[in-house]
Amino acid sequence: MDFKSVEKKWQKIWEDEHRYHAEDFSKKPKYYILVEFPYPSGAGLHVGHTPNQIAMDILARKKRAEGYNVLYPIGWDAFGLPTENYAIKTGIHPKEVTKKNVEHFKQQIKSLGISFDWDREINTTDENYYKWTQWIFLQFFKKGLAYKAEANINWCPNCKIGLSNEESEGGVCERCGATVVQKPKSQWMLKMSEYAEKLLQGLNETNYWENIKAMQRKWIGKSEGTLMHCKLKSGEGFDIFTTCIETVFGITYFVLAPENPLVDKLKDKIQNWNEVLQYREKASKKSEFERTELVKEKSGCILKGITAINPINNKEVPVFISDYVLAGYGTGAVMAVPAHDERDYEFAKLMNLPMIEVISGGNIKERAFEKGDYLGKNCKLINSENFNGLTVEEAKIALNKYLEEHNLGKKESTYKMRDWVFSRQRYWGEPVPLVYCEKCGWVAVPDDQLPVKLPNVEKYKPTDDGESPLSRIDEWVNTTCPHCGGPAKRETDVMPNWAGSSWYWLRYIDPHNDKAFADFEKLKYWGKVDIYNGGGEHVTRHLLYARFWHKFLYDNGLVPYSEPFDKRVQQGIILAKDGTKMSKSAGNTVDPMEYVEKYGADVSRLGQMFMGDYTEMKPWSDATMKPCERLLNRIVALKENVQNGEIRPENRYILAQSIKKVGEDIENLKFNTAISQIMILTSHLENLKNINSEEYKILLRILNPFAPHITEELWEECNFKPSIENTLWPSFNENDLVQNEVEIAVQINSKIVGRTKICPTSNQTEIEEKVKNEFESKFAGKEIIKVVLIPSRLINFIVK
RNA sequence: GCGGGUGUGGCGGAAUGGCAGACGCACAGGACUUAAAAUCCUGAGAGGGCAACUUCGUGUGGGUUCAAGUCCCACCACCCGCACCA
């Protein structure tokens, strides 16, 4: 059989029939399978795409066979830097580039025979799509969850351009190699922090893999502790956050983040202001790279003339600034207890500051006695006045109570998750649909004027001052205020790459709606995404952003359920053939489409799924293609032996077992072992003189999700009715899984002494007698103390 | 440092606490062929033995159990993510 022409034939039929179109409101039970939509780069599909799409295609085809109404859609996440940079280099409009790349991707995906519903194809760069991305952004704006704030961008002083984190890896500009600096810029932010608790709690409603939940929890980073109100001697108040209030009597100084605004307020009172400025300057120059380096040498600067008061005992202590305190976490200020915190300990040693031991049990001459050392060990407080003698756990409660009663603080939780910087000073993204009016401030573009279309520009490169290229088009920037009708200017920033992907699964449900982002009844019908397959690199950012948008929409009554995805699964990373990481620079990348060219779609699908456990990291292997090709050829050859007839009793066991195993393995994403089972079944059928049609049908039906073209062709050639896809997934009788004879292992004192065939339904006494007779010599002179029988597996005699 | 994961033949990988190495790759021998490719058959964890057989074997060390790759404790190596988070 010429696989490739057969594949073309069926691909055309599927396309002409719209075979895989998912019907809204069908009576069948729904099943929504989502695979991350690709970024249509110039390079085409790669190994990060194909196994995902194939794996989910196998699941989709199996679910359809089981009678589900399956939604398996695809689209393009097409805004983004590679296309923009290509435009900067060539001057070709990103729209053109995107169109070309999408065509290429589509053709490749179709050649793999993926059963996407092409009638629901979406593209984030379509005006009809980003209209709704803008609309949702405006809902955030209207609810006060979008705000402007100063945030740092990665800035290349040489190229005079803002860079993404990816473009400034290692602290150097990807284009020119210059050192990237942090430059403050006023930007749109989304108040994601307000959803921290909801995002954390919501995880309990999902069936994500535990490791994915763990990563999200870690990223959200909740810690429970105490917010304590402190004062300077000069009267100014400030708050600190601590998870170790039990150490409050051990405070010997306070530390503020260098950027803490309190420092500016104290300018006139700080005697060494120049020094402070110098330190601030130094700290701000540290790139993100240096700040996160492994070696974290402490540094800091005292605020001379400033004295703070420990609210618990009114003790006066000095105040420092240091970059080991982060401005963005907690309150940007900490109480320093060097005896019980490693970082404070280091800093105190450096600055020659005193320490007070307040929890007994450690040796603070050597190192800090930290919470990890003392928690849960019944350690008691010392040097803590009235609280002496309490255990740490008792003291936490008592101190929180005391602070609350004296209005000095309260219990509180903080989160590591920050608000989302939602502006990019770039071209190829969704324009932020806001205008600025001197009189009215920031005003939303009215719904009937959406989308705010991305205008054409001559140059795609950001301006020298870091503004978006849109800022150069005066006739676009200058507009009228929708509120008062006066002159106003458009926002020239665009949204980040992540915007379009933060709601796309909702659009698939109703892709052509021009009244709403999706019809509510349709959203109700399709419900949550049942299984969402994507890359591990998106588990924190994309997945959190998506859940955040979804929860916001839910809170505003715009979607009917509070979590978007039920299950989240991911493919293991595919390494290069030599087991190292695939990378363009190493020149060891693999193009999966080469294998489609060489072997055809079905062989390549099988080959990719047979390489190993879908979810484990594994090297790409060419070695699976040939045996999979052989398998299909053998199955084609089997057709010659097919005669009309029902399933014969002697074949019931292997057929039932195969239906069960292949079905379960697909559900569990164990595609490699499903294929093994099909190989075993094929070998079995090959050894028969002839095959009855009902037996062959089962083989083809369970292979169909893996090799949809060739199985459909064979089915048609055999003239089986109805067509393969109108034939349900085969069922089997549980009784068929019981063989009438099985071989079990015989053990004496847990050592195998031999094997014997028994009938699995015989009782223990019968089996014991049979074995004792057969292995008589082994039992000579021994006394049997105990017998363990594992049905159909083994029998173990414990003897003396 | 913290969180998650992995560790099994020459290789990819299988094994609800129950016969470790399914299924494949590579390898060796054989059949077909003038020859090769393709295809098919056979063999094989390692060591020892002519053989029947026997010893050792799932990263390391302990433990539980009639029975451990699987469960428990401690450790090692590698991978992924996070990392001065108070």
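Chain A is the first sequence line, chain B the second, and so forth, proteins listed ahead of strands; every chain is numbered from 1.
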Same-atom distance (C1') from B:G57 to B:A38, integer angstrom: 38 Å

Contact residues, residues 207-216 of chain A to RNA chain B [heavy atom, < 4.0 Å]: A:Asn211, A:Ala214, A:Met215

A:Asp239 CG to B:A86 C1', straight-line distance once rounded to whole Å: 14 Å

Sub-4.0 Å heavy-atom contacts from residues 656-676 of chain A onto RNA chain B, ordered by number: A:Asn672, A:Thr673, A:Ser676

Strand-adjacent residues in residues 609-617 of chain A, judged by heavy atoms under 4.0 Å from RNA chain B: A:Phe610, A:Met611, A:Asp613, A:Glu616, A:Met617

Value in whole Å for how far the C1' atom of B:G17 lies from CG of A:Asn796: 13 Å

Base versus backbone protein contacts along nucleotides 52-57 of chain B [heavy-atom cut-off under 4.0 Å; B, S, -]: ---S--

B:G49 to B:G5 separation - P atoms, rounded to the nearest Å: 46 Å

A:Phe797 ring center near A:Phe779 ring center (under 6.0 Å): yes

Quiz item: A:Lys298 side-chain donor-acceptor pair to B:C84 base, under 3.5 Å: yes

Pair assignment for RNA chain B - dot-bracket with | for other-strand partners, Watson-Crick or G-U under 3.5 Å: (((((((..(((.....[....))).(((((.......))))).((((....))))..(((((..]....))))))))))))....

Presence of donor-acceptor pair under 3.5 Å, side chain of A:Arg755 and base of B:C19: yes

Members of residues 218-232 of chain A that approach RNA chain B, where some heavy atom sits under 4.0 Å away: A:Lys218, A:Trp219, A:Ser223

d(CD, A:Glu686; P, B:C23) in whole Å: 14 Å

Integer-rounded Å distance: B:U65 C1' and A:Asn749 CG: 14 Å

Residues A:Glu594 and A:Lys598 bridged, charged N to O under 4.0 Å: no

Touch class at under 4.0 angstrom, heavy-atom based, for A:Leu794 against every strand present: base

B:C25 phosphate, OP1 or OP2, under 4.0 Å from A:Arg630 side-chain N/O: yes

